[in-house]
Protein chains: 2
Amino acid sequence: MEFSRETSAGFLANHMARLFERGLARRIAPLGLAPAQFMTLLELWREDGLTQRDLVARLDVEQATMANTLSRMERDGLILRRPDEQDRRARRIYLTDRARQLQAPATQAAAAQNGQALADLTPEETALFNDLMRRVIAQMQQAE
Amino acid sequence: MEFSRETSAGFLANHMARLFERGLARRIAPLGLAPAQFMTLLELWREDGLTQRDLVARLDVEQATMANTLSRMERDGLILRRPDEQDRRARRIYLTDRARQLQAPATQAAAAQNGQALADLTPEETALFNDLMRRVIAQMQQAE
DNA sequence: TGCACTTCAATAGCACGCTATGCAATGCTA
DNA sequence: TAGCATTGCATAGCGTGCTATTGAAGTGCA
């Protein structure tokens, strides 16, 4: 049984994800955004005023990871963190105007990266590919 | 045009790769290995005495990333770095006995992670999936 | 021969993933 | 209601990715 980069789904996934992230990073850097910030904004554009706990659940990262990402976003003027009125442990997260204005250009940049990555695939293959990824993700999540 | 985690290949790839890496990290931690170290060992098990430059080319990471990974591996007693005889700028990388002994258990751990992740896919789907990933990787590499 | 260019590697500094801890606030239960 | 467990978040410390910079060594050409 030979184990190599070319035949291991885990390595292919890692390599592919690094290429996606590199490409996205380059495309959104001019907007002053980093990949994890964009991922977080994607949720906040959909629904403002979430708590850190909400974001952790939706994005499937550890709480400490999200805390640090949010600190950088606050530092960069993308979000405000205001105390929750009911629960004084929690802080609700609100977008700044700057963050709202970045929605269109940032999602365009991400779409362009996806488009480039998938340029060689037919629409059917793309749909199949996404579906397979979702199934593999679900399988690993369930196994945890 | 709706852009969301569920429909973006980039996000799916990122999420999937994080799950793969988490799983692998847990499985090889008892061996005293971290994911990037394992990835590097995979090349060195195949061919010993490579230079940093060789590894950078084969694993598609930046030179600085590899330099740091190799430093940690040296610190952990996995490799030795000896000066090249011809080119005094370069240092060749050699496995220690400890690293050689880890080949079987570490590759087993990685295979188990792959197996778990792909448990829901038929062999045909797995082959197709890997093939699609290779095509997407090739496309992004060519676009760089 | 000498000087510029390239190449190999190390380092600094940052983003972002993780685990492990700790603190304050909240909730539950005896 | 007092005490304990749980929850929300921050922080420390580390691995691994990146870019940018530097120094030393090799290469090549006027």
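Each chain gets a letter, A, B and so on, in the order its sequence line appears, and its residues count up from 1. What you see is a predicted model; the values in this text were computed from it and never measured.
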For the pair made of [atom1] in [X] and [atom2] in [N], what is the distance, rounded to whole Å?
X       : N      : atom1 : atom2 : value
B:Asp84 : C:dC8  : CG    : P     : 11 Å
B:Glu74 : C:dA10 : CD    : C1'   : 12 Å
B:Leu70 : C:dA10 : CG    : P     : 8 Å
A:Asn68 : C:dA20 : CG    : C1'   : 14 Å
A:Ile28 : C:dA15 : CD1   : P     : 13 Å

With rounding to the nearest 0.5 Å, note down the distance linking [atom1] in [X] to [atom2] in [Y].
X       : Y        : atom1 : atom2 : value
B:Ile93 : B:Leu70  : CD1   : CG    : 4.5 Å
B:Thr65 : B:Leu55  : OG1   : CG    : 12.5 Å
A:His15 : B:Met133 : NE2   : CE    : 12.0 Å

Just by distance, with hydrogens left out, do [X] and [Y] show a side-chain donor and acceptor under 3.5 Å apart?
X        : Y        : result
A:Asn130 : A:Arg134 : no
A:Gln141 : A:Asp60  : yes
A:Ser4   : A:Glu6   : yes
A:Asp54  : A:Thr51  : yes
A:Arg72  : A:Asn68  : no

5' priority, DNA chain D, between B:Gln86 and B:Leu33 [closest heavy atom]: B:Leu33
Along DNA chain D (nearest heavy atom to each residue), the more 5'-positioned of B:Thr69 and B:Gln63: B:Thr69
Expected output: side-chain B:Arg27 to main-chain B:Ala110 donor-acceptor under 3.5 Å: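 No; judged by distance alone, with no hydrogens or angles, the pair does not exist.
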Contact boundaries on DNA chain D for chain A, cut-off under 4.0 Å to non-hydrogen atoms: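 With heavy atoms of chain A under 4.0 Å away, the range is D:dT7 to D:dT19.
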Considering every strand and a 4.0 Å limit on heavy-atom distances, what is the contact class for [X]: base, sugar-phosphate, or nothing?
X       : result
A:Asp87 : sugar-phosphate
B:Ala25 : nothing
A:Ser71 : nothing

Sidechain N-carboxylate O distance under 4.0 Å for B:Asp87, B:Arg53: no
Sub-4.0 Å heavy-atom contacts from residues 89-96 of chain A onto DNA chain C, ordered by number: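 Residues of residues 89-96 of chain A under 4.0 Å from DNA chain C: A:Arg89.
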Crowding at CD, A:Glu85 (>12 non-hydrogen neighbours, <6.0 Å): no
A:Phe3 and A:Phe11 aromatic ring geometry - parallel, tilted or perpendicular at 30°/60° bounds: perpendicular
Selected nucleotide, minimal atom distance to B:Arg81 side chain, candidates C:dC8, C:dA10, C:dT19: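 Taking heavy atoms from C-beta onward, the closest nucleotide is C:dA10.
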Proximal nucleotide (of C:dA9, C:dC16, C:dC18) relative to the B:Gln52 side chain: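 For B:Gln52, the side-chain atoms sit closest to C:dA9.
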Closest-nucleotide ordering on DNA chain C, the 5'-leading residue of A:Arg72 and B:Ala64: B:Ala64
Positions of residues 8-23 of chain A (non-hydrogen atom under 4.0 Å from DNA chain D), listed by number: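 Residues of residues 8-23 of chain A under 4.0 Å from DNA chain D: A:Arg18, A:Arg22.
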Base C:dA15 paired with A:Gln37 side chain (donor-acceptor, <3.5 Å): no
